[in-house]
There are 2 protein chains.
Amino acid sequence: MDSFKNTADSSTEEKIKAAARTVFHKKGFAASRTRDIAEEAGINLALLNYYFRSKEKLFVLVMIETLTEFFGSVSVIINNPETTFEEKIEQFAAGYIDLIFREPDIPLFIMSEIRNNPEQLLQKVDIRNTVFNSVFMQQFTEAMQQGKIKDQNFLHFMMNFVGLIVFPFIGKPLLKAISGLTEEQFNMLIEERKKLIPVWIKAMMN
Amino acid sequence: MDSFKNTADSSTEEKIKAAARTVFHKKGFAASRTRDIAEEAGINLALLNYYFRSKEKLFVLVMIETLTEFFGSVSVIINNPETTFEEKIEQFAAGYIDLIFREPDIPLFIMSEIRNNPEQLLQKVDIRNTVFNSVFMQQFTEAMQQGKIKDQNFLHFMMNFVGLIVFPFIGKPLLKAISGLTEEQFNMLIEERKKLIPVWIKAMMN
DNA sequence: AATATTTTTAATCGTTTGATTAATTTTTTA
DNA sequence: TAAAAAATTAATCAAACGATTAAAAATATT
């Protein structure tokens with residue numbers, strides 16, 4: 001039977017996974033030490049291997065969970081049959097910015113780690129269908145056929161849209177260094193973008 | 001006197017630096033082994049320390065050169081007093097895309113490495129003045145005062161502009177994996193953006 | 001309560017990695 | 001050409017690191 005301290009987030013296994021998440025997200029796989037993770041989790045180093053066998057297996061687990069969270073959360077928005085194309089754009093921008101606000105290390109983490117073995121990591125999470133069979137894409141195509149937006153490549157559109165959302169977080173250290181922005185000022189700037197990005201994107205499409 | 005084989009790019013020192021550039025750019029500091037660099041350069045491992053003292057000193061050197069190249073090359077464009085604001089936008093987009101085409105690993109390299117110690121690395125290259133005291137920014141301000149473009153934040157504008165250019169390269173592994181694009185198709189898509197980005201940016205500004 | 005199972009710890013192993021050393025080869029200087 | 005200096009190599013060191021082991025502690029089972 002489960003004892004009180006052995007459930008949910010308080011279990012040792014979850015503590016290690018959460019710590020691994022934090023450390024991996026911040027430093028990446030290569031720069032993360034299993035000892036860092038153990039210390040962050042407040043457990044003995046051997047326990048990490050007891051529960052997860054190896055650093056790499058633990059990493060893959062974290063990566064899958066991260067990708068699932070990161071792409072799963074949009075899936076709900078872009079596949080909602082109740083909302084219009086324009087509404088999706090607004091919800092997508094605001095929802096994604098909120099998500100990244102909570103976990104600002106994720107974008108750079110995903111981009112830099114996937115570069116090493118892209119297919120091996122990505123095949124475990126089906127992102128392709130999430131995006132290309134989405135209601136969002138159907139509505140994009142319809143809008144184009146009806147002449148509501150210019151004739152354009154969906155890939156360009158997605159690159160632009162996601163780029164406008166994600167890039168400031170990836171470039172944050174650089175931006176702060178060259179602009180002298182404080183953390184609070186940066187956050188305010190990003191907050192503004194929730195409303196601005198949909199406006200910009202619509203301007204680009206027409 | 002200089003012997004033939006001890007000049008310019010053929011010198012051992014330059015061979016090591018070039019190899020370090022390649023390896024660091026592709027894998028980042030933490031995942032790069034000094035032995036990898038030595039092998040890439042075709043030299044004995046000890047020579048690396050003989051010329052550069054340590055892995056970290058070699059890295060800082062590569063980083064400074066990379067930043068200088070990456071931000072210096074724009075400096076010429078955005079400070080040219082002979083070109084208009086619109087011309088600068090076109091040249092900036094095309095020039096930067098060409099630069100990154102030649103060295104596609106640089107953006108992700110800079111972003112991920114700077115995250116660790118931003119100020120320490122960035123203080124060695126004065127990017128701030130390059131951007132904020134540029135003719136480009138003056139022309140942006142003038143255009144706004146003259147009502148040629150909407151009232152807007154220069155930081156948003158720069159984030160958007162640079163993001164549109166750089167983000168596809170950062171997200172390349174992800175994009176290729178989820179879209180199934182070949183290398184050639186990806187390159188063609190990017191090539192299109194040289195002309196499209198100025199159009200988009202202008203649409204966003206008005 | 002006694003036994004079995006699971007969880008946790010301290011100690012340590014073997015490998016990798018950055019760096020050094022001492023010897024050798026090559027180049028420069030005198 | 002001989003001596004000095006610089007460049008290069010093989011061997012090795014010490015620390016860091018991922019992983020394992022054997023014992024101890026905690027929990028579950030009977």
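These numbers come from a predicted model, not from an experiment. Here is how names work: the chains are called A, B, and so on, in the same order as the sequence lines, proteins then strands, and each is numbered from 1.
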Exercise. For the atom pair CD1 (A/Ile197) and CD1 (A/Ile190), what is the distance rounded to the nearest 0.5 Å?
Worked result: 7.5 Å

For this session: Rounded off to whole Å, could you give me the CG-to-P distance for the B/Asp36 and C/dG18 pair?
Result: 8 Å

For this session: Please work out if A/Phe52 contacts a base, only the sugar-phosphate, or nothing of the nucleic acid, heavy-atom cut-off 4.0 Å.
Result: nothing

Exercise. Once you round it to whole Å, what is the distance between P of C/dA19 and OH of B/Tyr51?
Worked result: 18 Å

Exercise. For the pair made of CG in A/Leu48 and C1' in C/dT7, what is the distance, rounded to whole Å?
Worked result: 15 Å

Exercise. When you check the side-chain N and O atoms of B/Thr83 and B/Lys88, is any donor under 3.5 Å from an acceptor?
Worked result: yes

Exercise. Does B/Thr12 place a side-chain N or O at less than 4.0 Å from the phosphate oxygens OP1/OP2 of D/dA7?
Worked result: no

Exercise. How far does CD1 of B/Ile89 sit from CD of B/Gln139, to the nearest 0.5 angstrom?
Worked result: 9.5 Å

Problem set entry | Protein-to-nucleotide contact annotation, 5' to 3' order, nucleotides 9-18 of chain D [B base; S sugar-phosphate only; - none; under 4.0 Å, heavy atom] | BB------BB

Exercise. Taking the six-membered ring for Trp, are B/Phe136 and B/Phe92 parallel (under 30°), tilted (30 to 60°) or perpendicular (over 60°)?
Worked result: parallel

Exercise. Would you say the side-chain atoms of B/Asn79 pair up with the backbone N or O of B/Val135, donor to acceptor, closer than 3.5 Å?
Worked result: yes

Exercise. Which whole-number value in Å describes the distance from B/Glu39 CD to D/dT8 P?
Worked result: 18 Å

For this session: Round to the nearest Å and state the distance from B/Lys27 atom NZ to C/dT16 atom C1'.
Result: 14 Å

For this session: Go through the structure and list residues passing ring-ring contact (aromatic ring centres under 6.0 Å, His included) with A/Phe101, not counting sequence neighbours.
Result: A/Phe169

